[in-house]
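One structure is given below, encoded as structure tokens.
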2 protein chains.
Amino acid sequence: MGITKTDLFSAEQNEMARILKAMGHPARVAILEYLDSVNACICGDIVSELPLAQPTISQHLRELKNAGLIKGNVEGNTICYCIDETAIGKIREYFAHFKVCDKQGEINWCNVKVK
Amino acid sequence: MGITKTDLFSAEQNEMARILKAMGHPARVAILEYLDSVNACICGDIVSELPLAQPTISQHLRELKNAGLIKGNVEGNTICYCIDETAIGKIREYFAHFKVCDKQGEINWCNVKVK
DNA sequence: TTTTAATATTGCAATATTACGATAAACTTT
DNA sequence: AAAGTTTATCGTAATATTGCAATATTAAAA
């Protein structure tokens with residue numbers, strides 16, 4: 001197939017998967033890190049920064065934007081991109097809710113009875 | 001192509017992308033949430049829990065394991081899976097380092113001069 | 001030892017992703 | 001207006017992912 005059955009999962013699960021999937025590529029990780037370091041920049045700066053062709057960068061930027069991770073602002077000829085901090089906040093909050101069992105690894109780490 | 005040029009990026013960027021990509025699917029998000037809620041369980045429990053066929057679940061579990069997000073322990077006939085908290089910690093730490101510009105959106109949100 | 005149970009692997013069809021050259025679109029400068 | 005600049009889109013080839021039926025594997029149970 002190759003098609004993800006999104007209808008089988010909750011809206012929250014699908015949204016988190018979409019956001020994380022968008023970050024699931026080293027080029028997009030690098031773009032976000034760069035945007036974080038410079039606050040904001042135009043597309044051309046990223047093209048100069050990363051060793052990928054301009055259409056490839058443009059495509060990655062579109063995916064990041066579709067997932068809500070970045071925002072793009074048209075300024076005349078150029079487009080100024082920056083991180084959408086709402087998405088970063090969502091990721092932080094999501095992973096904050098995972099339990100941390102400090103007994104993990106002590107006894108039989110995979111013992112269901114360990115609460 | 002369809003092939004990711006991992007050689008162009010740092011080991012850290014590739015590792016983070018690998019981890020996040022593994023979570024970039026609603027089924028794998030659901031699996032992690034379930035594992036978090038029950039601490040640990042055998043594969044069959046996940047198969048019963050999720051509306052996907054057993055081979056599909058097995059495949060998703062392998063991807064989560066390859067990315068370091070879960071651990072699997074063979075116990076006789078069954079395999080007991082649980083979250084590897086090291087990976088969760090890595091994700092938390094990674095996103096904690098992103099700057100949060102509280103001036104975002106105030107003036108021109110995409111003004112590079114906003115520090 | 002045969003049967004049953006749990007999980008992994010294989011094989012495959014459908015679809016998605018990645019990367020980029022070529023080109024288009026839109027704005028700026030000359 | 002013409003030429004240059006910046007970014008997006010199109011088209012395409014190579015590869016990856018998703019999902020599952022069928023089957024293999026391994027251990028437990030009968």
Side-chain angles (χ1 to χ4, degrees), chain A residues 1-9 13-14 17-31 35 40-67 70-82 110 112, chain B residues 1-9 13-14 17-31 35 40-67 70-82 110 112:
Chain A
M1 309 219 167
I3 191 166
T4 297
K5 297 191 161 181
T6 53
D7 54 305
L8 299 178
F9 303 97
Q13 290 168 334
N14 280 310
R18 245 170 58 91
I19 293 176
L20 297 174
K21 183 181 184 182
M23 290 215 59
H25 190 288
R28 297 194 287 268
V29 165
I31 289 173
L35 279 179
C41 71
I42 62 172
C43 172
D45 293 339
I46 303 174
V47 173
S48 316
E49 183 73 9
L50 298 193
L52 289 170
Q54 179 268 323
T56 308
I57 299 288
S58 186
Q59 201 172 310
H60 283 308
L61 286 172
R62 185 175 49 192
E63 285 182 52
L64 287 170
K65 199 161 133 222
N66 285 344
I70 64 173
K71 297 186 282 193
N73 206 32
V74 178
E75 292 184 351
N77 209 12
T78 67
I79 297 185
C80 183
Y81 284 104
C82 70
C110 209
V112 185
Chain B
M1 310 223 166
I3 190 165
T4 297
K5 298 191 161 180
T6 53
D7 53 307
L8 300 178
F9 304 98
Q13 289 169 335
N14 280 309
R18 245 170 57 92
I19 293 175
L20 296 174
K21 184 182 184 182
M23 288 215 61
H25 191 288
R28 296 194 288 267
V29 165
I31 289 173
L35 280 179
C41 71
I42 63 172
C43 172
D45 293 339
I46 303 173
V47 173
S48 315
E49 182 73 10
L50 298 193
L52 290 170
Q54 179 267 323
T56 308
I57 300 287
S58 185
Q59 199 171 313
H60 284 308
L61 286 172
R62 185 174 50 190
E63 285 181 54
L64 287 170
K65 199 161 132 220
N66 286 343
I70 64 172
K71 297 186 283 191
N73 207 33
V74 179
E75 292 184 351
N77 210 11
T78 67
I79 297 184
C80 182
Y81 284 105
C82 70
C110 209
V112 186

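To find a chain, count down the sequence lines: A is the first, B the second, and so on, and within it residues start at 1.
- Taking atom CD1 of B:Ile42 as the reference point, atom C1' of C:dA8 lies 15 Å away to the nearest angstrom.
- As a whole-Å value, the separation of A:Lys21 NZ from D:dA16 P is 15 Å.
- Comparing A:Asp45 and A:Thr6, the nucleotide of DNA chain D nearest to each residue sits closer to the 5' end for A:Asp45.
- Here the P atom of nucleotide C:dT7 and the NZ atom of B:Lys65 are 12 Å apart, to the nearest Å.
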For this session: Using a 4.0 Å cut-off on protein heavy atoms (strictly under), produce a 5'-to-3' string for nucleotides 22-30 of chain D with B for base contact, S for backbone-only sugar-phosphate contact, and - for none.
Result: B---BBS--
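- At the phosphate of C:dT18, OP1 or OP2 sits under 4.0 Å from a side-chain N or O atom of A:Arg28.
- Whole-Å rounding puts the A:His25 NE2 to C:dT17 P distance at 11 Å.
- When the side-chain nitrogen and oxygen atoms of A:His60 are compared with OP1 and OP2 of C:dA19, one or more of them lie within a distance under 4.0 Å.
- Residue A:Thr78 is in sugar-phosphate contact alone, with no base atom involved, counting any heavy-atom pair closer than 4.0 Å across all strands shown.
- In this structure, the CD1 atom of A:Ile70 is 13 Å from the C1' atom of D:dA8, given to the nearest Å.
- Out of D:dT18, C:dC20, D:dC20, the shortest distance to the side chain of A:Leu52 is found at C:dC20.
- Interatomic distance, OG1 of B:Thr4 versus CZ of B:Phe9, reported as 9.0 Å (0.5 Å rounding).
- A tilted orientation is assigned to the rings of A:His25 and A:His60, their planes being inclined by 30° to 60°.
- A:Thr56 comes within 4.0 angstrom of a nucleotide base, judged by non-hydrogen atoms across all strands.
- Here D:dG11 presents its C1' atom at 12 Å from CD of A:Gln59, a figure rounded to the nearest Å.
- In terms of position on DNA chain C, the residue among A:Thr4 and B:Leu8 whose nearest nucleotide sits closer to the 5' end is A:Thr4.
- Note: B:Met23 CE to B:Ile31 CD1 = 10.0 Å, rounded to the nearest 0.5 Å.
- At least one donor-acceptor pair closer than 3.5 Å links the side chain of B:Arg18 to the backbone N or O of B:Asn66.
- When B:Leu52, B:Thr56, B:Ile57, B:Ile42 are each tested for a side chain to side chain contact (heavy atoms under 4.5 Å, CB included) with B:Val47, only one passes: B:Ile57.
- The line from NZ of B:Lys5 to CG of A:Leu50 is 12.5 Å long, rounded to the nearest 0.5 Å.
- Rounded to whole Å, the distance from CD on A:Glu63 to C1' on D:dA8 is 14 Å.
- Remark: A:Tyr81 is not in phosphate contact with D:dT6, judged by side-chain N or O atoms under 4.0 Å from OP1 or OP2.
- For the atom pair NZ (A:Lys71) and CD1 (A:Ile79), the distance works out to 15.0 Å, reported to the nearest 0.5 Å.
- Atoms CZ (B:Arg62) and C1' (C:dA6) sit 16 Å apart, rounded to a whole Å.
- Residue B:Ile57 is classed as having no contact, given no heavy-atom separation below 4.0 Å to the nucleic acid.
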